[in-house]
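Here the structure comes first, spelled out in structure tokens, and everything after it is commentary.
In listed order, ligands and their atoms are each counted from 1. Along the sequence shown, residues carry numbers from 1.
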Amino acid sequence: MKEKIKNLFIEQFSVEPLIFRSPGRVNILGEHTDYNEGFVLPAAIDKYIYIAISKRTDNEVNLYAADFNEQFSTDINNIQRSSTQWANYILGVVDQLQKKGFTLTGFNAVVDGDVPIGAGLSSSAAVECASIFALNHVFDLGLSKMDMTLMAQKAEHTYAGVNCGIMDQFASMFGKAGHAIKLDCRSLEYEYVPLKLDGYKIVLLNTNVKHNLASSEYNIRRQQCESGVSLVNKHQPGVKSLRDVTLNMLRQYVEPVDPLTYQRCKYVVEENNRLIEACKDLQQGNIKSLGEKMFRTHNGLSYFYQVSCRELDFLVAYVSNLPYVAGARMMGGGFGGCTINLVEENKVDELISNISKVYEQEMKLPLTAYMAVTGNGSEYCN
Ligand code: GLA
């Protein structure tokens, strides 16, 4: 991939680039908890977005996305949101840098990678992180990884229009091979948890349903959580987010007033509790117990948070009857994308071959399977 992007860059711009990359991510547990100041447990994977880049002496910004075979050009002094979605991830990051007061010249960049797009593996966060990491390096801006993570998230809010939490950008920036990251999304304190799966593999099954609904519904879920918090806050002024809320508070103050909001919030509060327990499972090497929690998370996301879809539910229901699958659930924002499955190593091929046939028959869509191997976060890679 590195050689390919380098050659593409030289073809386009006739100079040698610097090359950087940022990974996609999986999330073991802790879904829709990040924007509620809760906990998440993501891991970077060995699929990356690469960016090849060189500074220019004038103000031209020339971008090329290899995946779409598309070019985009603009002036560094006229950065604005565009109708070209892939360019927005880079432009959004440039905008953040300019808002921080950095003066940039023009630059050339080529983007390529093997993070599947629209599969819920955070290809967009990987583009944002790779871009800001690269710009920080070539313009010598001196930003820390934490600064860059927060700015990449802001770029998603402002230029991609998704009011996302911090999980994806954090995992893409800070990932560490062999580990998941237990991240407290309130304090941003984090801990690397060894991902010892003891004979199990992480298998991703992509529904191939593009999660178009995701951004509008995502923003609605976020509002529903906020309205739950404000219902509780009327009685308990110390409560600032669902992190501070207990199931009892929800039963008392939210359920009688707004049953739908109650369901949304209940899922989030339970998921936070589940994650703390899941980390103990991982420490103790109790993969069965971790897996059961993943199934429970899926039920919560499907019935109470309502961000699943028919295809995701089908995949999870199918594996829930198999003794060699410890756990499975939908992963990421929802409404499509992948399920994450913990599968006994020697049964992986059998599972993929069987489930692909049934899925294609029943859902009239192809199924794509990936093995998720952990990888490192954003890095320079010439
Ligand atoms: C998307 C968002 C994340 C997170 C997940 C759901 O991936 O970008 O911030 O909220 O959905 O857990």
Side-chain angles (χ1 to χ4, degrees), residues 22-45 49 85 88-89 92 115-129 149-175 180-186 188 190 204 206 210-226 241-243 264-265 267-272 274-275 278 293-294 297-298 300-302 304-309 312 329-340 372:
S22 292
R25 63 100 189 91
V26 291
N27 186 23
I28 308 296
L29 215 84
E31 216 64 88
H32 288 274
T33 43
D34 59 354
Y35 52 84
N36 289 302
E37 299 194 337
F39 295 97
V40 290
L41 192 60
I45 55 174
I49 296 293
Q85 188 55 27
N88 276 331
Y89 300 123
V115 186
I117 295 172
L121 302 180
S122 296
S123 54
S124 60
V127 178
E128 290 150 0
C129 288
T149 302
L150 292 166
M151 289 164 81
Q153 178 198 21
K154 251 308 169 45
E156 178 87 25
H157 290 183
T158 51
Y159 272 54
V162 180
N163 213 4
C164 65
I166 193 70
M167 171 170 71
D168 303 346
Q169 289 79 9
F170 199 97
S172 186
M173 193 62 82
F174 284 88
I181 311 172
K182 180 184 175 195
L183 171 66
D184 177 338
C185 300
R186 168 173 272 177
L188 296 184
Y190 62 99
L204 304 173
N206 187 356
K210 295 272 178 247
H211 47 176
N212 291 334
L213 250 183
S215 55
S216 54
E217 287 294 327
Y218 186 94
N219 292 342
I220 293 173
R221 291 300 174 284
R222 208 174 159 144
Q223 283 159 15
Q224 289 170 327
C225 291
E226 279 163 19
S241 73
L242 284 182
R243 173 73 173 272
R264 305 290 193 244
C265 296
Y267 159 75
V268 173
V269 171
E270 286 177 347
E271 179 72 350
N272 266 325
R274 221 173 355 245
L275 190 142
K293 292 186 177 63
M294 291 168 70
T297 293
H298 185 79
L301 287 166
S302 184
F304 299 113
Y305 215 65
Q306 295 183 310
V307 291
S308 187
C309 63
L312 288 165
R329 62 180 195 82
M330 57 148 279
M331 192 180 72
F335 300 100
C338 288
T339 62
I340 175 170

Distance flag, aromatic centroids of Y305 and H32, threshold under 6.0 Å:
yes
[X]: numbered ligand 1 atoms lying under 4.0 Å from its heavy atoms:
{"X": "D168", "answer": "1 (C), 2 (C), 3 (C), 7 (O), 8 (O)"}
{"X": "R25", "answer": "7 (O)"}
{"X": "Y218", "answer": "1 (C), 2 (C), 3 (C), 4 (C), 9 (O), 10 (O), 11 (O)"}
{"X": "G165", "answer": "9 (O)"}
{"X": "Y35", "answer": "10 (O)"}

Got a second to check how far [X]'s [atom1] is from [Y]'s [atom2], nearest 0.5 Å?
{"X": "E128", "Y": "C164", "atom1": "CD", "atom2": "SG", "value": "7.0 Å"}
{"X": "N36", "Y": "E271", "atom1": "CG", "atom2": "CD", "value": "11.0 Å"}
{"X": "S123", "Y": "I117", "atom1": "OG", "atom2": "CD1", "value": "5.5 Å"}

Heavy atom of the protein closest to atom 3 (C) of ligand 1 (residue, atom name, distance):
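Answer for atom 3 (C) of ligand 1: D34 OD2, 3.3 Å.
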Note the single closest protein heavy atom to atom 5 (C) of ligand 1, along with its residue, its atom name and the distance in Å.
M167 CE, 3.8 Å
With Q153, the side-chain contact (heavy atoms from CB on, under 4.5 Å) member among I166, D168, V162:
I166
Whether the side chain of T339 engages the backbone of R329 through a donor-acceptor N/O pair (distance < 3.5 Å, no angle test) should be reported.
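Such a contact is absent between T339 side chain and R329 backbone.
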